[in-house]
Visitor: 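The structure under discussion is supplied below as structure tokens; questions concerning it will follow.
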Amino acid sequence: MKCLDIDQIYLYLEGELSPEKAGAIQTHIAWCQKCSQAVQERSFLLDASESLPPMEIPIDFAQQTMEMIRPEKDTIWSLFFAAAIGFSSIVFTMFMFLLISGHNPASFFIRLSHTFLFSFKTLSVWLAKSVNLISIASKVVWQIGSFLLSGICRLTHIMGTEFQIGLVILAFILYISLYFGIRKNILTGERT
Amino acid sequence: MSSMHEDKIIVENVLKGSKEAFKMIIMKYQTPLINYIGRMVSDRQQAMDFTQEIFIKSYAALHTYQPKYKFSTWLFKIASNTMIDYWRKKKLDTFSVDRYEDEYRRPRYQISDNEKPVAQQYELSQLRARIEEILKRIPPTLRELFVWRHINELSYEEIAEIKGLPIGTIKNRVFQAKELIRKQLKGEI
């Protein structure tokens, strides 16, 4: 066996080699002083590296870190509660204001609910009409699209392959010439 | 119960809303993390701040953790990315390993005929102190791998997964780090 290289030494020391390869290295270092010394040297370095003392950490580190973590799930709930409390306090303040100013809070709230119901009814009718209109428009677009596609399909059945290729090339040339024509017009400032 | 299975259960509990379970994660991983971060940044307080930041980030991203992987690997990946951001902000050269790789690959990195023992000239405690000093001077990309392998005692497979590099590359770089430390001990560099 040849003298060891550094990779082999580290793989051997870290137990990363197969038993056969490790055995061959053991046999080699038993008689090769140079390799034996190199292995010892790196083994000592490895022992020192693996026994480096751990870094100190404050006892209350975990607690401190926990205090920095915001409870996200609780935040959502607390937001919900805050909104509910806010809304209730607004209603309560209005109620108290109407009572103190001599108005009848019940009739005010009845009028408010009527207005709300009326707006809701109007909005619902508009929404239903819009949905109906959108569905009719999409049906029309779909039918036009299907008609165009079936037309193209029939045409491609009638036309030969060469004719189709020729048509595509012609369309391409037309497109390119149109593009450059428009571009030229724009660049020279001419109007079409 | 294996550590991986234990971590999986703790993570499930955290996701169900138990903050106390996350405290268990911190207690378990604070020492490995500070051992890594503490050697990546020079200032102790900064190391503490970074470690806290990593735990906070991991808490926020815990729903993305896939239990088929080791939790420690996932956590160290977050830690490594945090360190990369830090090096970028400090404008440290994080990708200068190739220079060392070329140097390492030269034939002279075979054992030279007149190699003298260097490490063995020190007492073990002295040698540990010297290694800590030298670690501060070697490139962070190599230092990181050395710390994971020999201080955090991660396997090469785990390190390869964290860094997303082939195992062979990781091994080479860890060996380079060790040879650099040895050469610094010798006073060659």
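Computation of the quantities below employed the complete heavy-atom set of this structure, encompassing side-chain atoms and omitting hydrogens, waters and symmetry-equivalent molecules. Chain letters run A, B, ... following the sequence lines, proteins first and then strands; every chain starts at 1. Bear in mind the structure is a predicted one, so any value in this text is a computation, not a measurement.
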Visitor: At a heavy-atom distance under 4.5 Å, which candidate from Leu135(B), Ile56(B), Ile181(B), Asn35(B) has the highest pair count against chain A?
Guide: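 Option with the top pair count is Asn35(B).
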Visitor: Please classify the contact between Glu56(A) and chain B as side chain, backbone, both or neither, with a heavy-atom cut-off of under 4.5 Å.
Guide: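 Backbone plus side chain of Glu56(A), per the 4.5 Å heavy-atom cut-off to chain B.
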Visitor: Taking every non-hydrogen pair under 4.5 Å, which of Val118(B), Val174(B), Thr31(B) racks up the most with chain A?
Guide: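 So the answer, after comparing Val118(B), Val174(B), Thr31(B), is Val118(B).
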Visitor: Report yes or no: does Arg128(B) contribute a side-chain atom to a donor-acceptor pair with the main-chain N or O of Pro53(A) at less than 3.5 Å?
Guide: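 No: the side chain of Arg128(B) does not pair with the backbone of Pro53(A).
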Visitor: Select all residues of residues 45-54 of chain B having any heavy atom within less than 4.5 Å of some heavy atom of chain A, and report them by number, or 'none'.
Guide: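 Near chain A, by residue number: Met48(B), Thr51(B), Gln52(B).
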Visitor: Answer yes or no: are there more than 12 heavy-atom neighbours, outside Met94(A) itself, under 6.0 Å from its atom CE?
Guide: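 Enclosed.
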Visitor: Around Lys8(B), counting heavy atoms of other residues, nucleotides and ligands shown, do more than 12 lie under 6.0 Å from its NZ?
Guide: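 Not more than 12 within 6.0 Å, no.
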Visitor: Determine the minimum heavy-atom distance between Pro58(A) and Arg44(B), stating which atoms define it.
Guide: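 Distance-wise, the nearest heavy atoms are CD-NH2, 4.2 Å.
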Visitor: So which heavy atom on Met66(A) is nearest to which on Ile26(B), and how close?
Guide: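 Nearest heavy atoms, Met66(A) then Ile26(B): SD-CD1, 3.6 Å.
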Visitor: Is any side-chain heavy atom of Ile111(B) closer than 4.5 Å to one of Asp5(A)?
Guide: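 When only atoms from C-beta onward are counted, Ile111(B) and Asp5(A) do not touch, as no gap falls below 4.5 Å.
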Visitor: Within residues 118-142 of chain A, which positions have a heavy-atom distance to chain B below 4.5 Å?
Guide: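 So far as heavy atoms go, nothing in residues 118-142 of chain A approaches chain B to under 4.5 Å.
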Visitor: Does the cation-pi check pass for Lys178(B) over Tyr10(A), that is, NZ or CZ under 6.0 Å from the six-membered ring centre and within 45° of its axis?
Guide: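 That pair qualifies as a cation-pi contact.
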Visitor: So how far is it from Lys23(B) NZ to Ile69(A) CD1, rounded to the nearest 0.5 Å?
Guide: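 Lys23(B) NZ to Ile69(A) CD1: 11.0 Å, rounded to 0.5 Å.
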Visitor: Does Phe180(A) belong to the same Ile/Leu/Val/Met/Phe/Trp/Tyr cluster as Tyr175(A), with side-chain heavy atoms less than 4.5 Å apart forming each link?
Guide: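 As far as the 4.5 Å side-chain criterion goes, Tyr175(A) and Phe180(A) are connected within one cluster.
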Visitor: Please say whether more than 12 non-hydrogen atoms of neighbouring residues, nucleotides or ligands are located less than 6.0 Å from OH in Tyr69(B).
Guide: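 No.
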Visitor: Are Ile173(A) and Leu167(A) linked, directly or through intermediate hydrophobic residues, by side-chain heavy-atom contacts shorter than 4.5 Å (ILVMFWY only)?
Guide: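 No.
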Visitor: Taking all non-hydrogen atoms of both residues, which atom of Ala62(A) and which atom of Gln30(B) are closest, and how far apart?
Guide: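 Closest pair (atom of Ala62(A), atom of Gln30(B), distance): N-OE1, 3.8 Å.
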Visitor: Evaluate the criterion side-chain contact (heavy atoms from CB on, under 4.5 Å) for residue pair Lys171(B) and Glu14(A); output intermediate values, then yes/no.
Guide: CA-CA 11 Å; Lys171(B) 281 182 182 171; Glu14(A) 292 182 33; over 6 Å; no
Visitor: Looking only at heavy atoms, which two atoms of Ile151(B) and Ser49(A) are closest? And how far apart?
Guide: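 Smallest heavy-atom distance, with atoms named: CG1-O, 4.0 Å.
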Visitor: Any chance CE of Met55(A) has more than 12 other-residue heavy atoms, nucleotides or ligands included, within less than 6.0 Å?
Guide: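 Yes - once you tally the heavy atoms of other residues, nucleotides and ligands closer than 6.0 Å, there are more than 12.
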Visitor: Tell me, do Leu11(A) and Phe175(B) make a side-chain contact under 4.5 Å, heavy atoms counted?
Guide: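 The answer is yes, as the side chains (C-beta and beyond) meet within the 4.5 Å cut-off.
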Visitor: Before giving the answer on side-chain contact (heavy atoms from CB on, under 4.5 Å), spell out for Met27(B) and Phe61(A) the whole-Å C-alpha distance, their side-chain angles and the decisive distance to 0.1 Å.
Guide: CA-CA 9 Å; Met27(B) 299 286 275; Phe61(A) 180 82; over 6 Å; no
Visitor: Check the hydrophobic clustering (I, L, V, M, F, W, Y; side-chain heavy atoms under 4.5 Å; chains of links allowed) and say if Phe108(A) and Phe116(A) are grouped together.
Guide: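 They do not share one cluster, since no chain of ILVMFWY contacts under 4.5 Å joins Phe108(A) to Phe116(A).
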Visitor: Chain B contacts: which residues in residues 31-47 of chain A have a non-hydrogen atom closer than 4.5 Å to it?
Guide: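 Near chain B, by residue number: Lys34(A), Cys35(A), Gln37(A), Ala38(A), Gln40(A), Glu41(A), Arg42(A), Phe44(A), Leu45(A), Leu46(A).
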Visitor: In terms of hydrophobic clusters joined by side-chain contacts under 4.5 Å, are Ile110(A) and Phe97(A) together?
Guide: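 Not linked; separate clusters.
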Visitor: Could you walk me through whether Ile131(B) and Leu52(A) pass side-chain contact (heavy atoms from CB on, under 4.5 Å), step by step?
Guide: CA-CA 9 Å; Ile131(B) 291 171; Leu52(A) 288 176; 4.1 Å; yes
Visitor: Against chain B, label Leu4(A) side chain, backbone, both or neither, depending on which of its atoms sit under 4.5 Å from a heavy atom there.
Guide: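 Both parts, backbone and side chain.
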Visitor: Is Tyr156(B) close to chain A through its backbone or its side chain, or both, or neither, when contacts mean heavy atoms under 4.5 Å?
Guide: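 For Tyr156(B), the contact with chain A is made by the side chain alone.
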Visitor: Test of understanding: with side chain to side chain donor-acceptor pair (under 3.5 Å), list the residues that count as partners of Glu132(B), not counting sequence neighbours.
Guide: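 Glu132(B): side chain to side chain donor-acceptor pair (under 3.5 Å) contacts with Arg39(B).
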Visitor: If you group Ile, Leu, Val, Met, Phe, Trp and Tyr by side-chain heavy-atom gaps below 4.5 Å, do Phe172(A) and Phe163(A) land in one group?
Guide: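 No, no single cluster joins them.
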